[in-house]
Amino acid sequence: MEKTYELFNWLINEFGYQSYLEIGCKDNSTFDRVKVAKKVGVDPNRGGTLRMTSDQYFKDHNDTFDLVFVDRLHEHEQAVRDVENSLLRLNQGGTIVMHDCDPPSEERQRVPQGNQRGWCGDVWKGYLQIRTRPDLDVACTTFDMGMGIIRVRPNSAILTLPKQAKEMTWADLEADRAALLRQFPEEQLLQWIKDPNLI
């Protein structure tokens with residue numbers, strides 16, 4: 001796999017998912033390629049099906065979903081809030097995926113964005129924060145800027161951080177990226193998604 005939508009369509013086929021929520025749609029490059037019966041896309045500017053922020057969406061809507069893609073404002077606090085709100089709308093056995101958890105350069109993870117193209121922001125800090133939760137099992141892809149995959153089950157590798165996630169620095173990430181991000185190659189990742197005891 002190299003594309004986000006390939007992972008999503010695998011999840012849909014593997015688990016028989018019927019519904020999908022995308023938060024932050026841009027040009028619909030992912031949204032249009034996800035093959036599922038019910039799709040909702042939320043973006044304040046363009047793409048998707050609803051023109052509003054994710055905060056507004058979660059305030060006004062109560063639909064539930066099997067698969068949620070969090071790719072809105074690339075700042076850790078917003079990413080965590082979107083994940084927490086998504087958990088309240090996630091069907092049993094569902095999956096949440098965060099984008100941009102593995103920024104390739106220091107410039108691309110700086111907040112605010114400035115003129116940086118291909119901006120990942122500091123979503124990775126939010127991802128690390130979620131990895132500390134005992135009730136969520138979390139791992140990351142090695143492709144597409146790191147897709148943080150969240151399954152609702154006991155955490156099979158709880159992360160202990162030396163300080164709060166929001167205080168982590170680029171140097172901290174660079175010093176221990178593999179352990180912090182918990183990245184798996186594709187075959188191992190797909191096994192982990194189905195059952196963490198398989199790896």
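Excluded from the calculations below are hydrogen atoms, water molecules and symmetry mates; all remaining heavy atoms, backbone and side chain alike, are included.
- At least one side-chain heavy atom of Trp170 sits under 4.5 Å from a side-chain heavy atom of Pro103.
- Checked against Phe15 for a side chain to side chain contact (heavy atoms under 4.5 Å, CB included), the options Asn13, Ile12, Leu11 give a single hit: Leu11.
- In this structure, Gly148 and Cys101 approach most closely via the heavy-atom pair N-SG, 3.7 Å.
- Although no hydrogens or angles enter the test, the distance criterion places a donor-acceptor pair under 3.5 Å between the side chain of Asn9 and the main chain of Lys35.
- Here CG of Leu50 is found 12.0 Å from CD of Glu22. Values are rounded to the nearest 0.5 Å.
- With a 6.0 Å cutoff to the six-membered ring centre and a 45° limit on the axis angle, Lys38 counts as a cation-pi contact of Phe65.
- Gln129 places no side-chain N or O within 3.5 Å of a backbone atom of Ala165 that could act as its donor or acceptor partner.
- When atom types are taken as modelled, the side chain of Lys166 and the backbone of His76 share no donor-acceptor pair closer than 3.5 angstrom.
- With 3.5 Å as the limit, one finds a donor-acceptor pair spanning the side chains of Ser54 and Arg72.
- At a cut-off of 3.5 Å, with distance as the only test, a side-chain donor of Thr95 or Tyr17 sits close to an acceptor on the other residue.
- For the 3.5 Å distance criterion, the side chains of Trp124 and Gln109 qualify, holding a donor opposite an acceptor.
- In this structure, CG on Leu128 lies 6.0 Å from CG on Leu159, to the nearest 0.5 angstrom.
- Side-chain contact between Thr142 and Glu186: absent, with no pair of heavy atoms (C-beta onward) separated by less than 4.5 Å.
- Between the side chains of Arg182 and Ser156, at least one donor-acceptor pair of N or O atoms lies under 3.5 Å.
- More than 12 heavy atoms of other residues, nucleotides or ligands lie within 6.0 Å of CD in Glu167, so this atom counts as buried by the packing criterion.
- A donor-acceptor pair under 3.5 Å is absent between the side-chain atoms of Asp102 and the main chain of Met147, judged by distance alone.
- Without hydrogens or angle criteria, Tyr20 side chain to Gly41 main chain gives no donor-acceptor distance under 3.5 Å.
- Residue Met145 comes nearest to Arg108 through the heavy atom pair CE-NH2, 2.9 Å, listed as atom of the first residue, atom of the second, then distance.
- For Glu2, the CD atom sits in a loose shell: 12 or fewer heavy atoms of surrounding residues, nucleotides or ligands are nearer than 6.0 Å.
- Here the straight-line distance linking atom CG of Leu136 with atom CD1 of Ile149 works out to 13.5 Å at 0.5 Å rounding.
- Other residues, nucleotides and ligands contribute more than 12 heavy atoms inside 6.0 Å of the CD atom of Glu106.
- Contact annotation: the side chain of Tyr57 never approaches that of Asp82 to less than 4.5 Å [non-hydrogen atoms, C-beta and beyond].
- The closest side-chain heavy-atom distance from Asp172 to Lys163 is below 4.5 Å.
- Side-chain atoms of Gln78 and Asp55 form a donor-acceptor pair, as typed in the model, at a separation below 3.5 Å.
- A 4.5 Å side-chain heavy-atom check between Ile23 and Ser86 finds at least one atom pair inside the cut-off.
- Val83 places a side-chain heavy atom less than 4.5 Å from the side chain of Leu87.
- In the hydrophobic clustering of this structure, Met1 groups with Val36; members are Ile, Leu, Val, Met, Phe, Trp, Tyr whose side-chain heavy atoms approach within less than 4.5 Å, directly or through other members.
- In this structure a side-chain-to-backbone donor-acceptor pair under 3.5 Å is present from Asn155 to Arg131.
- For Arg153, the side-chain contact (heavy atoms from CB on, under 4.5 Å) partners are Asp137, Arg151, Trp192, Pro196, not counting sequence neighbours.
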Phe58/Leu88 under side-chain contact (heavy atoms from CB on, under 4.5 Å): CA gap, chis, key distance, verdict: CA-CA 9 Å; Phe58 286 121; Leu88 298 175; over 6 Å; no
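- Asp43 contributes a side-chain N or O that, together with a main-chain N or O of Asn45, makes up a donor-acceptor pair within less than 3.5 Å.
- Counting only distance, with no hydrogens or angles, the side chain of Glu6 and the backbone of Lys3 share a donor-acceptor pair below 3.5 Å.
- Ile96 contributes atom CD1, which lies 10.0 Å from atom CD of Glu84 (distance to the nearest 0.5 angstrom).
- Looking only at side-chain heavy atoms (C-beta outward), Thr160 and Thr132 stay at 4.5 Å or farther from each other.
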Candidate pair Met98 and Val123, rule side-chain contact (heavy atoms from CB on, under 4.5 Å), full reasoning: CA-CA 8 Å; Met98 304 170 67; Val123 171; 3.8 Å; yes
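- Pairs engaging residues 80-100 under the ring-ring contact (aromatic ring centres under 6.0 Å, His included) rule: Phe69-His99 [sequence neighbours left out].
- When atom types are taken as modelled, the side chain of Lys125 and the backbone of Met168 share a donor-acceptor pair closer than 3.5 angstrom.
- To the nearest 0.5 Å, atom CD of residue Gln191 and atom CG of residue Asp195 are 9.5 Å apart.
- Residue Cys25 comes nearest to Val42 through the heavy atom pair SG-N, 3.6 Å, listed as atom of the first residue, atom of the second, then distance.
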Steps toward salt bridge (Lys or Arg N to Asp or Glu O under 4.0 Å) verdict (Lys26, Asp71): CA-CA 9 Å; Lys26 285 189 177 179; Asp71 190 26; over 6 Å; no
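- Rounded to the nearest 0.5 Å, atoms OG1 (Thr64) and CD (Gln92) are 11.5 Å apart.
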Working for side-chain contact (heavy atoms from CB on, under 4.5 Å), residues Thr141 and Leu189: CA-CA 7 Å; Thr141 70; Leu189 180 75; 3.6 Å; yes
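- You'll find the side chain of Val152 reaches within 4.5 Å of the side chain of Leu90, heavy atoms only.
- The main-chain N or O of Asp66 is found under 3.5 Å from a side-chain atom of Ser19 such that the two form a donor-acceptor pair.
- Using a 4.0 Å cut-off between a side-chain N of Lys or Arg and a carboxylate O of Asp or Glu, Arg110 and Asp122 do not qualify as a salt bridge.
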